[in-house]
Amino acid sequence: MSTPAGSAFWRLWRWPLVLGLLSASGLLTALVSDGWGDWWAWLGLGVPVAVMAWFAWMQDKIKR
């Protein structure tokens with residue numbers, strides 16, 4: 001069963017692109033905004049870190 005090239009691309013890069021865009025928007029918001037922007041910056045920078053920590057923890061759990 002073959003998949004179109006575009007489908008394979010999005011399946012591989014969907015979540016890295018989402019996390020990258022979330023990080024970039026968090027960084028940009030932290031630089032130029034105040035108030036609600038502080039909350040978005042925390043969310044935009046915290047979610048990718050939490051995802052990476054979760055996957056690192058799961059990888060460590062699998063190795064044991």
Side-chain angles (χ1 to χ4, degrees):
M1 185 174 185
S2 65
T3 60
S7 176
F9 174 81
W10 285 114
R11 189 168 27 164
L12 177 65
W13 290 103
R14 178 183 321 146
W15 291 113
L17 287 171
V18 168
L19 292 176
L21 289 172
L22 191 60
S23 297
S25 71
L27 284 170
L28 184 63
T29 304
L31 287 172
V32 299
S33 186
D34 213 10
W36 67 269
D38 292 336
W39 290 101
W40 179 254
W42 273 97
L43 183 70
L45 295 172
V47 168
V49 171
V51 169
M52 289 184 283
W54 186 78
F55 274 101
W57 180 69
M58 290 301 291
Q59 188 70 13
D60 185 48
K61 198 172 184 179
I62 290 171
K63 287 182 181 179
R64 289 184 186 183

Flag yes if [X] and [Y] sit in one hydrophobic cluster, no otherwise; membership is Ile, Leu, Val, Met, Phe, Trp, Tyr, and two members link when side-chain heavy atoms are under 4.5 Å apart.
{"X": "Met58", "Y": "Val47", "value": "yes"}
{"X": "Leu43", "Y": "Val51", "value": "yes"}
{"X": "Trp54", "Y": "Met52", "value": "no"}

Query - Shortest non-hydrogen contact from Leu19 toward Pro48 - result: O-CG, 3.9 Å

Report summary line: On a heavy-atom basis, the closest approach of Trp40 and Gly26 is NE1-N, 4.2 Å

Working to the nearest 0.5 angstrom, can you tell me the gap between [X] [atom1] and [Y] [atom2]?
{"X": "Trp15", "Y": "Trp10", "atom1": "CH2", "atom2": "CH2", "result": "12.5 Å"}
{"X": "Leu12", "Y": "Leu17", "atom1": "CG", "atom2": "CG", "result": "9.0 Å"}
{"X": "Leu45", "Y": "Ser25", "atom1": "CG", "atom2": "OG", "result": "8.0 Å"}
{"X": "Leu27", "Y": "Leu22", "atom1": "CG", "atom2": "CG", "result": "10.0 Å"}

